[in-house]
Asker: 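Handing you this structure, nothing more for now.
Residue numbering restarts at 1 for every chain, and letters A, B, ... go by the order of the sequence lines.
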There are 2 protein chains.
Amino acid sequence: MPTGTENMTRSALRRRLEALDDKTVARLNEISRPVDLPAGQQIIIEGDPAASIYSVQQGVVSVFKLLPDGRRQITGFLYPGDFLGVTFNLGAVYGYGAEAVTHCSLRAWPRGALERLSEEAPGLRRLFMAEIADELTEAQDRILMLAHRSVEERVATFLLTMARHQAGATGTRIEVVEIPMRWADIADYLGTSAETISRTLSTFRDRHIIHTGKRSEIVVLDWAALEAITGGDRPEEGEIYR
Amino acid sequence: MPTGTENMTRSALRRRLEALDDKTVARLNEISRPVDLPAGQQIIIEGDPAASIYSVQQGVVSVFKLLPDGRRQITGFLYPGDFLGVTFNLGAVYGYGAEAVTHCSLRAWPRGALERLSEEAPGLRRLFMAEIADELTEAQDRILMLAHRSVEERVATFLLTMARHQAGATGTRIEVVEIPMRWADIADYLGTSAETISRTLSTFRDRHIIHTGKRSEIVVLDWAALEAITGGDRPEEGEIYR
DNA sequence: CGGGACGTTGACGCCCGTCAAGACATGTGG
DNA sequence: CCACATGTCTTGACGGGCGTCAACGTCCCG
């Protein structure tokens, strides 16, 4: 049962946060500080001392690494309920940058206090553990994508992921998918170029799979086609490996 | 300071294992069972219940995911000192397969016992935590590779990584790099094809960067050239990002 | 209204995946 | 020890996907 698990695990994480005992939740609220950011604002700079841990309340955040040649690889987008900055590498330094894609409200905890709290609260410890494990499986899913999928498959998968995110958030059926990020961001995420993103969406449009109205709003006309392009996330029943 | 950290962290992990208190180490040895495997032997099957945790004593192990279309993506190679099976996803089911690349000796622990032991030994807990964190940064490094590096850069990086592994293991300077895995394995790891691996090595040979004698033995003639091809792992001092 | 950021579309070329045919190596049985 | 089969590496030929450069269209904001 490979790949395609990233959404399940993330929402599972969110549910688990709510399952913490009341006292811990109260303490969490006490020591946290709300942060509001305009779109485009830097949140974390790679290499800075890892002073804070954040959770996203509203908006979308991009997490990225900068490359020597000036490019950047977006390693993930964060949505409400996701955590930012949990990955503690040895030096207690952020291993990545992060910035607000849209206007964002975050909740910030001083790392020290949060770590102390997690010593007492095993539930919180497990939460962080799960967060890292989630990030790992997500990263591995992306490795599969980048290594073996065509750009078209990646874009289709991305659209479906965005759609599922909004369906999960609103709980309702979706036909208009909001794409808050710029094409260049998506490109940096999927390991391709902004032009190719544009071209791919254009062919989807020409094939009547989507309808593009206002930028940042994509209407999906043919879900089945999108999923077909995805290339079959999961193996069929009784399929033979190798 | 992006990328290129994978080796440091791995060896740091090994050192930390030795830093466990004696009682824990004794218990660890008690409940472990040695396993010897011939090359090619399956160790873990994706989807099976995660019964054991292993550590590699000798040999090389490949960890992989199988794709619906029958291909496989090797997510990593494990060398002596590395752990296998620590990443337990929610269902306590292995999220990947593993097989012996060379003849291997492993040490196996029943998962339950090891988890119970880690409840008492915070050092062990931190060890596992670090193991997962390492895997995460390794996965993210690979994302950078796959997204933005040419095959030539990937192969050069791979060679250097192998060389560093052996230098680290023997402690001496190296000029002959042993490549125990098949080209197809390397290809599945780097997200390319066996033919392209062969071709790339051939051009390295023609450019007098390496010398190829017996298969599985590569003599590096020009380290500087290899590193140059790598594409500059780290940013230069004072370099400007974007 | 002018300028800047972003998206779209075209043209071009090359990297690399794929198919196919040999070249070696290794092992097995006669 | 040789003949043969099997697995692996090498090399060639071919073509398509997609990265890059460049020009243009569109939207927004001062």
Side-chain angles (χ1 to χ4, degrees), chain A residues 38-40 62 67 69-73 99 101-103 145-156 158-159 178-207 210-218 229 231 242, chain B residues 38-40 62 67 69-73 99 101-103 145-156 158-159 178-207 210-218 229 231 242:
Chain A
S62 70
L67 290 139
D69 57 17
R71 281 163 147 190
R72 84 198 158 137
Q73 169 68 31
E99 76 174 49
V101 172
T102 65
H103 171 91
M145 287 258 295
L146 294 170
H148 291 298
R149 308 294 218 198
S150 72
V151 167
E152 196 164 276
E153 290 172 304
R154 296 180 214 171
V155 173
F158 178 74
L159 281 183
E178 298 272 346
I179 311 287
M181 52 289 273
R182 294 168 304 172
W183 279 196
D185 291 332
I186 304 174
D188 286 348
Y189 179 65
L190 297 181
T192 179
S193 64
E195 294 95 323
T196 301
I197 298 286
S198 176
R199 257 187 262 278
T200 306
L201 289 176
S202 294
T203 75
F204 285 175
R205 168 169 43 68
D206 297 347
R207 287 193 265 163
I210 63 173
H211 175 78
T212 60
K214 286 171 42 200
R215 187 219 148 293
S216 89
E217 278 189 4
I218 289 182
I229 292 170
R242 311 211 101 214
Chain B
S62 70
L67 291 137
D69 57 17
R71 281 165 146 187
R72 86 200 158 140
Q73 169 68 32
E99 76 174 50
V101 172
T102 65
H103 171 91
M145 287 256 296
L146 294 170
H148 290 298
R149 308 296 218 196
S150 71
V151 166
E152 196 164 276
E153 290 173 304
R154 297 181 215 170
V155 174
F158 177 75
L159 280 182
E178 297 272 346
I179 312 285
M181 52 289 275
R182 294 167 304 173
W183 279 197
D185 292 331
I186 303 175
D188 286 348
Y189 179 64
L190 298 181
T192 179
S193 64
E195 294 94 321
T196 301
I197 297 286
S198 175
R199 258 186 261 278
T200 306
L201 290 176
S202 293
T203 75
F204 286 175
R205 167 169 43 69
D206 297 348
R207 288 193 266 162
I210 62 174
H211 176 78
T212 60
K214 285 173 41 199
R215 190 218 147 290
S216 89
E217 278 190 3
I218 289 182
I229 291 171
R242 299 222 110 211

Asker: How many Å lie between CD1 on B/Ile210 and P on D/dC9, as a whole number?
Answerer: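 Result: 14 Å.
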
Asker: For the pair made of CZ in A/Arg199 and C1' in D/dA23, what is the distance, rounded to whole Å?
Answerer: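 Atom CZ in A/Arg199 sits about 13 Å away from atom C1' in D/dA23.
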
Asker: Got B/Thr192 and B/Ile186 here, is their nearest side-chain heavy-atom distance under 4.5 Å?
Answerer: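 Contact flag for B/Thr192/B/Ile186 side chains = no.
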
Asker: Taking the axis from the first five pairs and the axis from the last five, what angle separates them in the helix from C/dC1-D/dG30 to C/dG30-D/dC1, rounded to 10 degrees?
Answerer: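 The two end axes of the helix from C/dC1-D/dG30 to C/dG30-D/dC1 meet at 30°.
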
Asker: Answer yes or no: side-chain N or O of B/Arg205 and base N or O of D/dT11 forming a donor-acceptor pair under 3.5 Å.
Answerer: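 Under the 3.5 Å cut-off, the side chain and the base do not form any donor-acceptor pair.
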
Asker: Given atom CD of A/Glu195 and atom P of D/dC18, what is their separation to the nearest angstrom?
Answerer: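 Those two atoms, CD and P, are 14 Å apart.
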
Asker: Quick one: how far along DNA chain C does chain A reach, first to last nucleotide 5' to 3', anything under 4.0 Å to a heavy atom?
Answerer: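 Footprint of chain A along DNA chain C, 5' to 3': C/dC6 to C/dA11.
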
Asker: Taking all non-hydrogen atoms of both residues into account, name the closest pair between A/Leu201 and A/Ile210 and its distance.
Answerer: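 The pair with the smallest heavy-atom distance is O-CD1, 3.7 Å.
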
Asker: For A/Pro180 versus A/Thr102, what's the shortest heavy-atom pair and its separation?
Answerer: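 What the structure gives for the nearest pair is CB-CG2, 3.4 Å.
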
Asker: Please round to the nearest 0.5 Å and tell me the distance separating atom CD of A/Gln73 and atom CG of A/Leu190.
Answerer: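 One finds 9.0 Å between CD of A/Gln73 and CG of A/Leu190.
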
Asker: Could you tell me how far apart B/Ile197 (CD1) and D/dT10 (C1') are, to the nearest whole angstrom?
Answerer: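 From B/Ile197 CD1 to D/dT10 C1': 13 Å.
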
Asker: With DNA chain D as reference, determine whether A/Val151 or B/Trp183 sits nearer its 5' end, using the nearest nucleotide of each.
Answerer: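 That would be B/Trp183.
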
Asker: Please find the pair of heavy atoms, one from A/Ala187 and one from A/Ala194, that lie closest to each other, and give the distance.
Answerer: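 Minimum heavy-atom contact is CB-N, 3.4 Å.
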
Asker: Treating A/Ser202 as the side-chain partner and A/Ser198 as the backbone partner, does any N or O pair qualify as donor plus acceptor under 3.5 Å?
Answerer: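 Answer holds: yes.
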
Asker: Please collect all salt bridge (charged side-chain N to carboxylate O under 4.0 Å, His left out) contacts where either partner lies in residues 186-200 of chain B, sequence neighbours excluded, each pair once.
Answerer: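 Sorted result for residues 186-200 of chain B: B/Arg72-B/Asp188.
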
Asker: If I compare all heavy atoms of B/Ala147 with all of A/Leu146, which pair ends up nearest, and what's the gap?
Answerer: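 Looks like CB-CD1, 4.2 Å.
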
Asker: Round to the nearest Å and state the distance from B/His148 atom NE2 to D/dT20 atom P.
Answerer: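 After rounding, the gap between these two atoms is 10 Å.
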
Asker: Between atom CG in A/Leu190 and atom P in D/dG19, what is the gap in whole Å?
Answerer: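 Spelled out: CG on A/Leu190 to P on D/dG19 is 11 Å.
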
Asker: Rounded to the nearest angstrom, tell me the gap between atom CE in B/Met181 and atom C1' in D/dC9.
Answerer: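 Whole-Å distance recorded here is 16 Å.
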
Asker: Rounded off to whole Å, could you give me the CG-to-P distance for the A/Asp188 and D/dT20 pair?
Answerer: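 Atom-to-atom, A/Asp188 to D/dT20, this comes out as 11 Å.
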
Asker: Before giving the answer on side-chain contact (heavy atoms from CB on, under 4.5 Å), spell out for B/Ile229 and B/Val155 the whole-Å C-alpha distance, their side-chain angles and the decisive distance to 0.1 Å.
Answerer: CA-CA 9 Å; B/Ile229 291 171; B/Val155 174; over 6 Å; no

Asker: Reckon A/Thr196 has a side-chain N or O less than 4.0 Å from the OP1 or OP2 of D/dG19?
Answerer: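 True: A/Thr196 side-chain N/O within range (under 4.0 Å) of D/dG19 OP1/OP2.
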
